[in-house]
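Keep in mind that this is a model prediction, so the values were computed, not measured.
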Amino acid sequence: MSMTSIEKELKGGHVLAMIIAFFGVIFGVNFLLAYLANSTWSGLVVENGYVASQTFNSDLAKARAQESLGWNVAFSHDKDSVKISFADARGAKIETLNLTGKLQRTVTDKQDQVLVFGWMGSGLYSAPARLAPGLWEVEVDGKGDGVADYHKIFRFVVNP
């Protein structure tokens, strides 16, 4: 029994086609990923990082002073609102804050919302919000008569 082997010759045109196909796939995937990265979210948190860094020490001092107040702050949410309750270190409800906030996704800016909290009584503040399933972040700022200013970022997940 004889086996015949068929040998194909590898020519320059075949090698050129393989190289073009290989790098074509690499470039195609790179351009696709670059397009998707630029079309979703810029990743920009502050306009100028250097300028923002100039207030780092004062921001840190404010955060430590806020922490030393011993306030008990509870955050909750449902599908159409976010709620925050405040009590001081002795447990007395804090009811003189004017709260505002920014609600945003952590990886896109397409669903950002500005929140205006209303006082619900007994230290509870609530703001209407449209919450789709996923990871969210709310940045809360509070100013009040006779109480310290408040700033905090809460990260939470909305389950489907």
Side-chain angles (χ1 to χ4, degrees), residues 21-160:
F22 174 78
F23 284 107
V25 169
I26 299 297
F27 285 127
V29 169
N30 280 339
F31 285 123
L32 174 67
L33 292 176
Y35 169 76
L36 292 174
N38 284 328
S39 67
T40 55
W41 185 54
S42 68
L44 184 66
V45 176
V46 294
E47 291 292 326
N48 186 330
Y50 176 75
V51 172
S53 72
Q54 300 302 302
T55 63
F56 177 78
N57 289 335
S58 64
D59 292 344
L60 186 59
K62 286 179 187 176
R64 287 181 177 152
Q66 176 177 306
E67 193 67 30
S68 71
L69 294 173
W71 286 7
N72 297 309
V73 180
F75 175 82
S76 64
H77 65 86
D78 53 35
K79 64 183 175 184
D80 58 357
S81 68
V82 293
K83 297 175 179 69
I84 303 175
S85 65
F86 290 89
D88 65 15
R90 297 178 316 236
K93 304 298 184 188
I94 299 172
E95 301 182 351
T96 58
L97 286 173
N98 292 319
L99 290 180
T100 58
K102 291 187 298 187
L103 180 67
Q104 51 202 10
R105 293 285 198 165
T106 56
V107 295
T108 184
D109 56 4
K110 296 192 184 334
Q111 296 177 329
D112 289 0
Q113 301 168 48
V114 175
L115 301 177
V116 178
F117 287 86
W119 179 63
M120 307 302 289
S122 191
L124 180 66
Y125 299 83
S126 179
R130 296 176 312 277
L131 295 171
L135 184 61
W136 289 89
E137 215 173 62
V138 62
E139 184 172 358
V140 177
D141 287 300
K143 299 193 181 308
D145 297 330
V147 295
D149 292 346
Y150 183 81
H151 177 84
K152 181 131 177 135
I153 298 173
F154 299 94
R155 184 175 278 196
F156 61 99
V157 175
V158 175
N159 294 318

Using distance alone, with no hydrogens and no angle criterion, decide if Lys83 and Ser85 have a side-chain donor and acceptor under 3.5 Å apart.
no
What one should report as the nearest heavy-atom pair of Trp119 and Glu95 is CZ2-OE1, 3.2 Å
Output, in order, the C-alpha distance, side-chain angles, deciding distance and verdict of side chain to side chain contact (heavy atoms under 4.5 Å, CB included) for Arg155 and Leu135.
CA-CA 7 Å; Arg155 184 175 278 196; Leu135 184 61; 3.6 Å; yes
Where Phe156 and Val82 come nearest, the two heavy atoms and their spacing:
CZ-CG1, 4.3 Å
Interatomic distance, CG@Asp112 vs CH2@Trp136, rounded to 0.5 Å, equals 8.0 Å
What's the verdict on side chain to side chain contact (heavy atoms under 4.5 Å, CB included) for Tyr125 and Val140, showing C-alpha distance, side-chain angles and the deciding distance?
CA-CA 11 Å; Tyr125 299 83; Val140 177; over 6 Å; no
To the nearest 0.5 Å, what is the distance between CZ (Phe86) and CG (Leu97)?
5.5 Å
Among Leu103, Leu99, Ile84, the one residue meeting side-chain contact (heavy atoms from CB on, under 4.5 Å) with Leu115:
Leu103
Locate the shortest heavy-atom distance separating Thr55 from Ala52; write the atom from each residue and the value.
OG1-O, 3.1 Å
From CA spacing to verdict: side chain to side chain contact (heavy atoms under 4.5 Å, CB included), Tyr150, Leu69:
CA-CA 10 Å; Tyr150 183 81; Leu69 294 173; over 6 Å; no
Tell me, yes or no, whether the heavy-atom count around Glu67 atom CD, taken from other residues, nucleotides or ligands under 6.0 Å, exceeds 12.
no
Judged by atom type as modelled, is there a donor-acceptor pair below 3.5 Å linking the side chain of Gln111 to the main-chain atoms of Arg105?
no
Strictly distance-based, threshold 3.5 Å: is any side-chain N or O of Glu137 a donor or acceptor partner for the main-chain N or O of Ile153?
no
Which value, rounded to the nearest 0.5 Å, describes the distance between Asp80 atom CG and Leu131 atom CG?
8.0 Å
Take Lys102 and Asp141 through the salt bridge (Lys or Arg N to Asp or Glu O under 4.0 Å) test and state the conclusion after the steps.
CA-CA 9 Å; Lys102 291 187 298 187; Asp141 287 300; over 6 Å; no
To the closest 0.5 Å, what do you measure between CD (Gln104) and CD (Gln113)?
10.5 Å
If every non-hydrogen atom of Asn159 is compared with every non-hydrogen atom of Pro133, which pair is closest and at what distance?
C-CB, 4.3 Å
How far does CG of Asn98 sit from CZ of Phe117, to the nearest 0.5 angstrom?
12.5 Å
